[in-house]
Every structure is written in C-alpha cells, then in structure tokens.
Amino acid sequence: MITIALSKGRIFEETVPLLAAAGIVPSEDPESSRKLILATNREDVRLVIVRATDVPTYVQYGAADLGIAGYDVLLEHGGVGLYQPLDLAIAKCRLMVAVREGFDYFAAVKQGARLRVATKYVESAREHFAKKGVHVDLIKLYGSMELAPLVGLADAIVDLVSTGGTLLANQLEAVEHVQDVSSRLVVNQASLKLKRAGVQPIIDAFASASAHHH
Ligand code: ATP
Ligand code: MG
C-alpha cells in the first residue's frame, strides 16, 4: 500500500491533475466527504487528508510515503527525514513583510527601531530579519495575521501573498519580499528505498506532469 498525504483546498485541487497523470483517481472529493482516508481507483494507493502544516510530519514518520506541502510549511518544519525530489510549481505565492498603509517600514528599519512582527512563519521570519540586520520581536499567530497591525498587536506581519487582495482589503501593503513559495513533493526516505517499485513511478509521473522539471 502506498499512502499519499494531502491537504484540502488549493493543494488538493491542484494535485488532482498530477494524480491523474500517475493513473490515480480519488474515489471521493475531500471537500464533501468527511472521511480522512480516501480510496482511489488503484487498490495499492490511498490518500490521507491532513492539515497543510501536518503533511511533512506524516511523511517524516512514514505514516504517509509521499506528500505535497508548501515550501513555506517545509521551511518551518525543517525538512528532517524528507526527500524533496520535485518542485511541483503549484499553489504559487510569495512570503512577504507587510505593514499598515502609511507606516514607513524602511525609515523604522533605518532608525534601528525594534519591530514587533506577527506571523505563523516564525522560523522563516527570524532568518529573514537576521539576514537584514533588523531587530524584531516575533509574535506567533495561527491565522488572520492581517488583523495584527490594525489593532496594534504588531508593526508588521510576515504572510503569504498571492494577488494582494487581502492586504488591500485591510489597508496593508507589502514592503519586502522574503521567499517565493510553491508546493513540493516530499517522500519518506525509507519508503523510497523499501517501496521504490511503487513510489518511483509516481514521482516520475508527477515530474513529467508538473509545469517545470529539475
Ligand atoms: P487553513 O487555511 O485551513 O488554515 P493553511 O493556510 O495551512 O490552512 P491552505 O490555505 O490550503 O492551508 O494553504 C496550503 C498551502 O498553499 C500553503 O502552505 C501555501 O504553500 C499555499 N498557499 C497559501 N495561500 C496561498 C495563496 N493565497 N495562493 C497560492 N498559494 C497559497
Ligand atoms: Mg490558508
């Protein structure tokens, strides 16, 4: 049995064509099903539906042989025990620093001010500001980061941006690029060795179906 860990929403939607290229068709839609284990047309392949941030953990411990996770999630996880053979070029966005419109981020940085930064991406943020020599106090949040600067919880946020629509709707503006993000295939290292006959053809099919190859 080969187990693939996926999250609902955009990653699942953008993965369906990749699965199809590997001859795998889910028997149910996770958006409408409450099942966490989904069968497929192939008796030897099943899908498990987990939170996006939990995908690397399932694969690291071998509870799933393969998974698809955002690079943002992989940077926070650290990638321990994971083979990362492919950038699938799906769920593309950017990790950015954003502030309230009118807050002069660069002036604050120039003055050496200590900034409060709210984010779900504490590790990526820590590394970014250390590289830039910006002094920050990081506040860990689990969602709705956009609210933090509006109610005085933070001077800035580090969050994912795709169209910028959410920032605009909340009178925030992106001021600094942290990291380009897309989703990657992750593979359990033991599965790659012990289940190679089942796992490698899936990796190869994903590679030729994804928008670019490495
Ligand atoms: P939830 O939204 O359920 O709290 P989540 O934010 O972790 O969980 P998703 O919103 O499905 O899960 O995001 C999954 C992945 O998709 C992220 O880790 C990121 O790589 C990517 N992603 C997130 N937001 C966007 C976006 N606006 N555009 C493109 N890709 C995105
Ligand atoms: Mg989300």
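The shown structure was predicted, so the numbers you read here are calculated from the model rather than taken from an experiment.
- A salt bridge links Arg126 with Glu123: the distance from a Lys NZ or Arg NE/NH1/NH2 to an Asp or Glu carboxylate oxygen falls below 4.0 Å.
- At least one donor-acceptor pair under 3.5 Å links the side chain of Thr40 to the backbone N or O of Val45.
- Shown here is Tyr121, whose OH atom has more than 12 heavy atoms of other residues, nucleotides or ligands within 6.0 Å.
- Taking the ring centre of Tyr142 as origin, the terminal cationic atom of Lys140 falls inside the region bounded by 6.0 Å and 45° from the ring axis.
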Carefully, step by step, assess His128 and Gln179 under the rule side chain to side chain donor-acceptor pair (under 3.5 Å).
CA-CA 9 Å; His128 174 76; Gln179 182 74 54; over 6 Å; no

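- Checked by atom type and distance alone, the side chain of Glu31 pairs as donor or acceptor with a backbone atom of Gly9 at under 3.5 Å.
- Minimum heavy-atom separation, Ile11 to Ser183: CD1-OG, 3.5 Å.
- The heavy-atom pair separating Leu38 from Glu28 by the smallest distance is CD1-O, 3.6 Å.
- Without hydrogens or angle criteria, Asn188 side chain to Val59 main chain gives a donor-acceptor distance under 3.5 Å.
- Residues Leu153 and Ile139 share a closest heavy-atom pair of O-CD1, 3.4 Å.
- In this structure, Asp137 and Val117 have side chains that are not in contact, with every pair of non-hydrogen atoms separated by 4.5 Å or more.
- One finds no salt bridge joining Asp159 and Lys120 here, because no Lys/Arg side-chain nitrogen approaches an Asp/Glu carboxylate oxygen to under 4.0 Å.
- Counting heavy-atom neighbours within 6.0 Å of Phe106 CZ, excluding the residue itself, gives a total above 12.
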Dump the intermediate steps for side chain to side chain donor-acceptor pair (under 3.5 Å) on Ser124 and Glu76, then the final yes or no.
CA-CA 7 Å; Ser124 298; Glu76 294 300 305; 3.0 Å; yes

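- For CD of Glu127, the number of neighbouring non-hydrogen atoms (other residues, nucleotides, ligands) closer than 6.0 Å is 12 at most.
- Annotation for Arg34: atom CZ does not count as buried by contact number, only 12 or fewer foreign heavy atoms lying within 6.0 Å.
- Side chain of Ser208 to backbone of Asp204: a donor-acceptor contact under 3.5 angstrom is found.
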